[in-house]
Amino acid sequence: MRLKEKTHRKFVEFFEKISSMYQGKDFELAYSDIQRETGAASVTLKRAIQALAEDGVIEVHPGRNSRYARFRYLLATLNTEGKSSEVVSNETRNLEESNNEEKTPPGGSPQFVNEDVSELTQLVDHLRRRVRNQEMAIALLQDRLAEIEDKIRKR
């Protein structure tokens with residue numbers, strides 16, 4: 001089962017980014033989060049995950065329920081730098097460039113500061129995604145609660 005090169009690259013970059021956020025450890029993701037981040041259809045998502053697992057890019061194990069899976073990005077050990085220059089987002093690049101122009105803070109070299117900023121940026125992005133998911137879940141629950149309350153009032 002082959003994927004188009006662009007789709008394959010998109011999923012590899014996504015899993016590389018997420019793996020670096022979790023510092024190369026196993027991580028659990030909802031299929032819907034992967035779909036939202038990659039912009040792929042559910043059929044493409046399933047094909048891509050299966051193809052990446054067959055290619056040895058990722059390991060996939062069942063998650064807490066059918067909507068989640070545990071992943072391990074296997075290419076992280078092959079990539080000695082931790083991430084390729086293609087994967088770093090434009091925002092992170094801009095942050096690093098602006099930090100290079102500033103003075104080195106006391107007690108740290110620019111390289112370590114850039115790594116810290118990059119790691120913090122990734123953590124903030126991850127937290128933003130989690131908050132967005134929770135907000136959507138709350139909105140759905142509120143809608144369902146309103147429907148139930150309407151049914152109770154009509155009786």
Side-chain angles (χ1 to χ4, degrees), residues 1-79 82-99 113-155:
M1 181 178 309
R2 292 300 330 151
L3 295 170
K4 290 182 181 177
E5 182 61 33
K6 182 179 175 185
T7 304
H8 185 270
R9 189 174 351 103
K10 185 188 328 179
F11 276 91
V12 169
E13 288 174 357
F14 169 78
F15 280 107
E16 185 173 321
K17 180 178 92 173
I18 298 297
S19 175
S20 68
M21 281 179 21
Y22 286 94
Q23 300 171 346
K25 298 177 183 162
D26 289 3
F27 51 93
E28 185 175 60
L29 290 175
Y31 289 114
S32 59
D33 290 343
I34 301 170
Q35 195 173 349
R36 186 173 23 263
E37 290 295 319
T38 59
S42 60
V43 172
T44 305
L45 170 71
K46 291 174 185 170
R47 283 182 49 226
I49 289 173
Q50 184 179 2
L52 292 176
E54 289 172 359
D55 292 346
V57 176
I58 59 172
E59 276 182 10
V60 184
H61 301 287
R64 62 184 121 165
N65 59 37
S66 62
R67 289 174 272 168
Y68 288 83
R70 292 204 59 76
F71 297 95
R72 174 178 289 217
Y73 182 68
L74 301 174
L75 297 182
T77 56
L78 301 177
N79 190 354
K83 46 178 136 157
S84 67
S85 61
E86 297 171 357
V87 175
V88 178
S89 68
N90 289 334
E91 294 170 324
T92 307
R93 279 191 211 137
N94 291 340
L95 267 172
E96 289 174 353
E97 288 172 3
S98 66
N99 282 336
V113 171
N114 288 341
E115 290 173 4
D116 290 342
V117 168
S118 177
E119 183 178 340
L120 289 173
T121 302
Q122 290 174 345
L123 291 172
V124 167
D125 290 341
H126 176 70
L127 288 173
R128 281 188 183 136
R129 277 195 302 276
R130 287 184 62 189
V131 166
R132 189 174 357 140
N133 288 342
Q134 290 172 354
E135 287 172 343
M136 290 178 2
I138 290 169
L140 288 171
L141 290 171
Q142 287 174 333
D143 289 345
R144 183 68 181 134
L145 182 62
E147 290 174 9
I148 292 170
E149 288 173 344
D150 289 344
K151 286 180 182 178
I152 291 173
R153 286 188 191 125
K154 288 179 182 177
R155 287 186 177 176

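Quick caveat: nothing in here was measured; it's all calculated off a predicted structure.
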Non-neighbouring partners of Glu59 that pass salt bridge (charged side-chain N to carboxylate O under 4.0 Å, His left out), sequence neighbours left out:
none
Who are the salt bridge (charged side-chain N to carboxylate O under 4.0 Å, His left out) partners of Arg129, not counting sequence neighbours?
Glu37
Non-hydrogen side-chain atoms of [X] and [Y] separated by less than 4.5 Å:
X	Y	value
Thr7	Thr44	yes
Arg72	Lys25	no
Leu52	His8	yes
Tyr73	Val12	yes

I'd like to know if the side chain of Thr38 and the backbone of Ile34 have a donor-acceptor N/O pair within less than 3.5 Å.
yes
Note: Tyr31 and Ser66 closest approach over all heavy atoms is CE1-O, 3.5 Å
Nearest heavy-atom neighbours spanning Ser20 and Gln122:
OG-NE2, 3.5 Å
Residue pairs meeting ring pair (Phe, Tyr, Trp, His ring centres under 6.0 Å), one or both in residues 129-155, sequence neighbours left out, come to none
Phe11 vs Val57, side-chain contact (heavy atoms from CB on, under 4.5 Å): CA-CA, chis, key distance, verdict:
CA-CA 10 Å; Phe11 276 91; Val57 176; over 6 Å; no
For [X], all residues meeting side chain to side chain contact (heavy atoms under 4.5 Å, CB included), sequence neighbours excluded:
X	result
Glu5	Arg9
Asn65	Arg67, Tyr68
Arg36	Ser32, Asp33, Arg132, Asn133, Met136
Tyr22	Ile18, Phe27, His126

Rounded to the nearest 0.5 Å, what separates atom [atom1] in [X] from atom [atom2] in [Y]?
X	Y	atom1	atom2	value
Ile49	Arg47	CD1	CZ	12.5 Å
Asp55	Gln50	CG	CD	10.5 Å
Lys4	Lys10	NZ	NZ	10.0 Å

ring-ring contact (aromatic ring centres under 6.0 Å, His included) against Phe15, all qualifying residues, sequence neighbours excluded
Phe71
For Gln35, all residues meeting side-chain hydrogen bond (donor to acceptor under 3.5 Å, both in side chains), sequence neighbours excluded:
none
Check residues 142-153 and write down every donor-acceptor pair under 3.5 Å in which the side-chain atom is one partner and the other belongs to a residue at least two apart or another chain.
unit_1, atom_1, unit_2, atom_2, d
Arg144, NH1, Glu147, OE1, 3.2

Before giving the answer on side-chain contact (heavy atoms from CB on, under 4.5 Å), spell out for Met21 and Glu119 the whole-Å C-alpha distance, their side-chain angles and the decisive distance to 0.1 Å.
CA-CA 7 Å; Met21 281 179 21; Glu119 183 178 340; over 6 Å; no
